[in-house]
Structure formats: C-alpha cells, structure tokens
Amino acid sequence: MEKSVGPQARRGLARASLPRRKLMLGAAIAFGLVVAAPLSAQAAAPAACAALQEKYPDWKGKTLVNAINPHTPGYETIDPKDPSKYIGFDIDLGEAIGECLGFKLTYKAVTFAALLTTLAAGQADIVISDIYATKERAKAADFITYSKVFDGVLVAKGNPKGINGINMSLCGAAAAENTGYVEVPLIQALIPECKKAGKPEPTIQLYDNNANCIQAILAGRADTYINDVNTVDSAVKAYPDKLEKAIAVTIPYSVGIAVPKNKPKFRDAVLAALIEVQKAGTHMELLKKHGLDVNNFMEPEILTAD
C-alpha cells in the first residue's frame, strides 16, 4: 500500500550519522506468524563453538524468534517450494550462528518498519533481516554489523529521467521507497537543494516491501527505487526488458544484526559466534551460494547508541 509523505513529515526526518565502536574480527508490529522449520546451516559449527556454548550457556538448547521482513530475494524471502519456510543469506547466517551457540531459530514475519518495534516489544529475540545499522536505530537496539552497503539505483529501461545517483538528478523525480529505509532521509535532504537551484523537489512514495516499490516503477508511478544493490540487480534480472540499474552508489552504513539493548551478554555471544562463523569460511560461502557480492563481507563491529 502506498503512503504519501507530506512536506512537514519529510522535513521531520533527519539523516542518521554512523560513528562506530569497532570490535575487529581478529580480536576477540505488524503481520505474520512465527514459522518453524529452520534450514540446516551450511557447515558444521566450528570447534571453537563448543567453548562458546560453555561460556554462554543461557541460550544452549533454546528456540529463539528472528523477526524478518521476507521480501528481499537473496537475503530473506518465502521459499517458493514451501511457503512455511524462508530462504536466503540472512536465514542461513542466522542458522550458522544459532548452531554455534546451540540454539534454533523460528521466524516472525513483519513489515520492515516493525522489525525493531517487534524486537523491543519482546515478540522477537533477534533481527537478522538486511537492516542497515544507524546511530538513530541504535537507540532502539544494539547492532552487530556484518556487511558493507552498496546501493543500486533502479530505473525504467532507458532511464528516461537521467537519474545517476542520490544527487540533484533526483530533482523532480518520484522515488518509491520502503517505509523506514535509510534512503528516505537521504532523498529528503535533497529537497532544499533542489528548491535552491530552482528545480522541482523529489517526491517519495512509501511502500511496505521491495516488491511494491519495484511494481511502482513497472506501472509508471515512480521513476526510481534506491536500495541494496543485490536487490536492484535481482529486479533487473527479473525484468530485463523493463528495468535497469542506472548506477551503484556507496552509502555510509553497514548491515547489522539487531539484539535487545538490555541483553549485552547475548549481543556479545552473537558477536563471538559470528567471528567463529567467519573464521570457518561459512560467511563467505553463503555470500557465494546466494549470488551476493563477496565485497559485501566485513569484519564484525558493534554499534550502540552510546
């Protein structure tokens, strides 16, 4: 469903900054039901995981809930062969982390905007769902980052508006975006610049998932959709005669795993498990398995509001 964004609402959103406190690798609510039947991890838990299970015994043998927005092919989506299951990089990565710490995952599907509120309400234990970690979002949850961010600019075939980035080429363009996505304030920040240059301001249409944003371009309602480059590439692959990627851009964010702010021990356990999963090569194998750019790989970092 499309949601309009008025000028006051647009001005009310501020761009999030992204200072981080690093922990390097070498160092050491909406809709849906909870769905069981997690997929098997791609590799056996590293030997070091046995020590982690002794160090962090609180989660061994438990079943935790992962809140996801299952509409991002490659990362998390409904299994076309079994609608009761989910598939994707984030699903497999969560399974590998759970195997390392000795817990299993079930899933709660919600809108993207409800991911962190679902976590804060105690209806989920963790969020692994291609969510960009920002200082603003870290007010609601702690993050363990695990992926660099490269955004793609999706446009209609031929790029009739000549859009070439998150810049003045968006003046007068209609952008379809997901509610709560970081690209929204980045586009909104162009509004005063376009006005100052005597150009029409960009407009934003808000939707609840990637598929609706893509359909907005296909239907001619929107001129562009800016999101994770792998998502954009997937859309171009699905509609090669109707869509194209104008350009890929870097934005100052990382993708992160969100955990409750009042559970620092759990955050540290997930970080430690992710480090072991990366050391074992599982993280890189999963990027390749799901057709994602291996350049997205990054060493884990902690991002909090502190």
Side-chain angles (χ1 to χ4, degrees), residues 25 32-53 55-110 115 118-119 123-131 133 141 143-147 228 230 255-260 263 266-292 294 296-300:
L25 170 61
L33 299 174
V34 174
V35 181
L39 300 177
S40 298
Q42 291 301 301
C49 292
L52 288 183
Q53 291 180 22
K55 183 176 181 180
Y56 300 104
D58 294 351
W59 297 279
K60 185 175 183 179
K62 299 293 180 62
T63 297
L64 306 184
V65 178
N66 180 15
I68 61 173
N69 179 237
H71 300 285
T72 307
Y75 293 94
E76 47 274 318
T77 190
I78 298 171
D79 186 344
K81 297 180 180 178
D82 185 347
S84 71
K85 295 181 180 180
Y86 301 105
I87 57 174
F89 170 83
D90 284 334
I91 302 300
D92 286 353
L93 183 66
E95 301 285 335
I97 291 171
E99 181 180 346
C100 188
L101 292 174
F103 64 75
K104 295 184 181 297
L105 287 172
T106 57
Y107 300 92
K108 185 177 181 66
V110 300
L115 288 171
T118 299
L119 183 72
Q123 297 176 347
D125 302 290
I126 194 169
V127 174
I128 311 176
S129 190
D130 194 36
I131 183 171
F143 286 89
I144 304 103
T145 58
Y146 62 92
S147 180
D228 175 89
N230 295 295
V255 180
I257 297 169
V259 298
K263 294 184 178 180
F266 180 53
R267 178 198 67 200
D268 294 345
V270 172
L271 171 67
L274 177 56
I275 288 173
E276 296 305 328
V277 167
Q278 289 192 343
K279 285 181 178 179
T282 304
H283 185 164
M284 189 65 73
E285 291 173 5
L286 292 177
L287 286 171
K288 295 175 182 177
K289 171 189 173 183
H290 294 287
L292 304 178
V294 295
N296 286 64
F297 181 93
M298 67 174 287
E299 299 169 338

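The structure presented is a predicted model; accordingly, all values stated were derived computationally and were not measured.
With hydrogens and angles disregarded, a donor-acceptor distance shorter than 3.5 Å links the side chain of Gln278 to the backbone of Met298. Side chain of Asp79 to main chain of Lys85: no donor-acceptor pair is present (N/O by atom type, distance under 3.5 Å, no hydrogens or angles).
Gln123 is not listed as a side-chain neighbour of Val65, based on a closest heavy-atom distance of 4.5 Å or more. Side-chain contact check for Asn296 versus Asn230: some heavy-atom pair is nearer than 4.5 Å. Between Ile126 and Leu105, some side-chain heavy-atom pair lies under the 4.5 Å cut-off. Contact of the Arg267 side chain with the Leu271 side chain is not registered, since no non-hydrogen atoms from C-beta on lie closer than 4.5 Å.
Among all heavy-atom pairs drawn from Ile128 and Gly94, the shortest one is CD1-CA, 3.6 Å. For the residue pair Glu76 and Asn69, the shortest heavy atom distance occurs at CG-O, 3.6 Å. The minimum heavy-atom distance between Glu276 and Cys100, with the atom names listed, is CB-SG, 4.3 Å. Among all heavy-atom pairs drawn from Asp228 and Asp130, the shortest one is CB-OD2, 4.2 Å. Between Ile91 and Tyr107, the closest heavy-atom pair is CG2-OH, 3.5 Å. The shortest non-hydrogen separation linking Pro80 to Ile87 is CD-CD1, 3.9 Å.
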**Asked** Could you walk me through whether Asp58 and Phe266 pass the side chain to side chain contact (heavy atoms under 4.5 Å, CB included) check?
**Response** CA-CA 9 Å; Asp58 294 351; Phe266 180 53; over 6 Å; no
**Asked** After noting the C-alpha distance and the side-chain angles of Leu286 and Leu292, does the key distance pass the side chain to side chain contact (heavy atoms under 4.5 Å, CB included) rule?
**Response** CA-CA 8 Å; Leu286 292 177; Leu292 304 178; over 6 Å; no
**Prompt:** Ile97 and Ile257: side chain to side chain contact (heavy atoms under 4.5 Å, CB included), yes or no, with the steps?
**Reply:** CA-CA 11 Å; Ile97 291 171; Ile257 297 169; 3.7 Å; yes
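Residues forming a side-chain contact (heavy atoms from CB on, under 4.5 Å) with Lys60 (at least two apart in sequence, or on another chain): Gln53. Under the side chain to side chain donor-acceptor pair (under 3.5 Å) criterion, Asp90 pairs with Tyr146, not counting sequence neighbours. Scored by the side-chain contact (heavy atoms from CB on, under 4.5 Å) test, Lys55 finds no partners at all (sequence neighbours excluded). In this view, Ser129 satisfies the side chain to side chain donor-acceptor pair (under 3.5 Å) rule with no residue, not counting sequence neighbours. With sequence neighbours excluded, no residue satisfies ring pair (Phe, Tyr, Trp, His ring centres under 6.0 Å) with Phe103. In this structure Tyr75 satisfies the ring pair (Phe, Tyr, Trp, His ring centres under 6.0 Å) test with no other residue, sequence neighbours excluded.
Donor-acceptor pairing under 3.5 Å is recorded for the side chains of His290 and Asp92.
Atom NZ of residue Lys62 and atom NZ of residue Lys104 lie 14.5 Å apart, to the nearest 0.5 angstrom. Note that OG1 of Thr145 and CD1 of Ile131 are 13.0 Å apart. Values are rounded to the nearest 0.5 Å.
Below 30°, between 30° and 60°, or above 60°: for His283 and Phe297 the angle between ring planes is between 30° and 60°, a tilted geometry.
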